[in-house]
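First the proteins, then the strands, lettered A, B, ... as listed; each starts at 1. Because only heavy atoms are used, hydrogens play no part in the values below, and waters and symmetry mates are left out as well, while side chains stay in.
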Amino acid sequence: MCGRYVLKRKDLEALLQHFGIRSLEEFHSRYNIAPTTIVPAIRTSAEGGREAVPLRWGLVPSWAKDPAGGARLCNARAEGIAAKPAFRHAFRKKRCLVPASGFYEWQTLGRTKLPWYFSRRDEQPFVFAGLWESWRSPAGTELETCSLITTDANPVVGQIHDRMPVILAGSGVEEWINPEHEEPEKLLPLLRPFPAEEMSGRPVNPQVNSVATEGPECLEPAPVLPAPGSEGPQLSLGFE
DNA sequence: CCAGACGTTGTT
DNA sequence: GTCTGG
DNA sequence: CCAGACGTTGTT
DNA sequence: GTCTGG
């Protein structure tokens with residue numbers, strides 16, 4: 001799954017430039033982005049161009065009664081999005097890209113959780129495949145939310161967790177937000193695990209566990225603390 | 001036809 | 001929004 | 001995703 | 001144990 005990620009300022013700017021979107025308001029690097037917070041996303045505008053928009057992470061279906069209580073939809077399994085009531089509409093009509101520098105997955109070690117940071121091996125920014133929705137309150141206020149699509153983990157991430165977010169690359173990026181595409185047969189093949197050879201991962205500062213830790217210290221290497229006899233974390237993944 | 005239900009994922 | 005049940 | 005909160009009633 | 005908040 002993917003319940004936390006990283007987006008550095010310069011990476012967002014590079015991506016916006018790539019899509020021909022001029023950088024909006026100032027964005028500061030965020031090293032511990034969590035569900036329920038506002039995240040930058042890219043989608044096709046009503047006019048057919050690209051736009052960057054703030055979305056709340058945690059999709060709320062348009063028909064939901066309460067946007068807070070049940071909104072735990074920060075991920076959507078690729079296998080089910082074409083049919084699940086909560087996602088099928090967004091899958092056809094409201095696809096988006098979510099810029100990122102890297103993401104976290106947790107390794108359970110006994111009673112503690114160790115966060116690992118995964119990114120492209122070349123440290124280039126990338127985009128997650130996302131869905132968004134619009135919810136209107138009884139008072140008429142509009143709330144736009146999003147969810148990140150997950151798929152099977154590749155062999156690198158798979159050492160830690162069996163799922164990972166879908167990372168789009170190449171022609172898949174444009175195809176995903178092309179509004180002319182609505183057929184699952186065309187879209188679902190884009191939702192594959194990112195190539196393991198192009199990814200790397202390493203254990204990082206356990207302070208990541210708390211959403212209050214938001215700075216670059218999140219990416220500090222995890223202290224090496226393998227107790228004798230217990231299996232400690234491997235130093236890194238993504239190497240031969 | 002209308003009323004009412006339906007949210008998802010993750011983990012052990 | 002869309003499907004199911006009555 | 002993880003961390004942290006969450007008591008409940010009856011009675012004065 | 002389970003729900004809420006970030």
Side-chain angles (χ1 to χ4, degrees), chain A residues 1-7 28-40 54-95 98 100-119 128-138 142-153 157-167 179 182 184 191 193 201 203-215 217-219 222:
Chain A
M1 133 40 103
C2 178
R4 303 283 181 87
Y5 69 95
V6 174
L7 178 57
H28 66 277
S29 294
R30 293 169 65 188
Y31 294 85
N32 201 355
I33 299 175
T36 73
T37 66
I38 307 297
V39 303
L55 301 176
R56 197 182 77 172
W57 186 12
L59 186 140
V60 179
S62 62
W63 40 264
K65 293 187 179 73
D66 179 10
R72 282 309 81 136
L73 312 182
C74 61
N75 290 126
R77 294 176 69 93
E79 302 89 321
I81 52 175
K84 298 267 171 78
F87 299 129
R88 57 194 174 197
H89 176 72
F91 176 60
R92 286 196 294 121
K93 302 286 192 181
K94 299 183 190 301
R95 298 179 301 278
V98 179
S101 304
F103 63 92
Y104 300 106
E105 297 288 355
W106 275 261
Q107 178 182 29
T108 301
L109 297 170
R111 50 154 57 191
T112 65
K113 305 263 194 159
L114 179 65
W116 284 62
Y117 179 68
F118 292 95
S119 59
F128 293 124
L131 300 176
W132 65 278
E133 262 300 354
S134 184
W135 182 87
R136 185 179 289 275
S137 75
E142 194 100 340
L143 174 69
E144 293 193 328
T145 59
C146 67
S147 191
L148 301 182
I149 299 173
T150 63
T151 185
D152 291 325
V157 179
Q159 298 293 309
I160 298 305
H161 194 70
D162 64 346
R163 304 287 296 176
M164 68 179 282
V166 172
I167 293 170
E182 290 193 16
L191 307 179
V204 292
N205 191 344
Q207 289 190 79
V208 167
N209 293 12
S210 169
V211 293
T213 310
E214 297 181 285
E217 67 269 29
C218 289
L219 297 185

With sequence neighbours excluded, tell me which residues meet salt bridge (Lys or Arg N to Asp or Glu O under 4.0 Å) with Lys93(A). Glu182(A)
Would you tell me if any nitrogen or oxygen in the side chain of Ser147(A) comes within less than 4.0 Å of OP1 or OP2 on dG7(B)? no
For Tyr5(A), report the nucleic acid contact type (base, sugar-phosphate, nothing); a contact means any heavy atom under 4.0 Å. nothing
Residues in side chain to side chain donor-acceptor pair (under 3.5 Å) contact with Arg88(A), at least two apart in sequence or another chain: none
Side chain of Pro61(A) (C-beta onward), nearest among dG7(B), dC2(D), dT9(B): dG7(B)
Interface polar pairs with nucleotides 1-4 of chain C, N/O, under 3.5 angstrom:
unit_1, atom_1, unit_2, atom_2, d
dT2(C), OP1, Arg92(A), NH2, 2.8

Does Arg163(A) put a side-chain nitrogen or oxygen below 4.0 Å from OP1 or OP2 of dC1(D)? no
Here DNA chain D, pairs taken as Watson-Crick or G-U under 3.5 Å and shown with ( ), [ ] when crossing and | when to another strand, reads ||||||......
Mind jotting down which residue pairs meet the salt bridge (Lys or Arg N to Asp or Glu O under 4.0 Å) criterion with at least one end in residues 78-87 of chain A? Sequence neighbours excluded, please. Arg77(A)-Glu79(A), Glu79(A)-Arg163(A)
Output all residues satisfying salt bridge (Lys or Arg N to Asp or Glu O under 4.0 Å) with Glu144(A), sequence neighbours left out; order by chain, then residue number. Arg43(A)
Contacts of type side chain to side chain donor-acceptor pair (under 3.5 Å), residue Glu217(A), not counting sequence neighbours: none
Would you say Val98(A) and Tyr5(A) make side-chain contact, with heavy atoms under 4.5 Å? yes
Sequence-distant partners of Phe87(A), ring-ring contact (aromatic ring centres under 6.0 Å, His included), two or more places apart: none
Applying side chain to side chain donor-acceptor pair (under 3.5 Å) to Trp106(A) and not counting sequence neighbours gives Asn209(A)
Counting heavy atoms from C-beta on, name the nucleotide in dG7(B), dA3(D), dC1(D) closest to the side chain of Leu73(A). dG7(B)
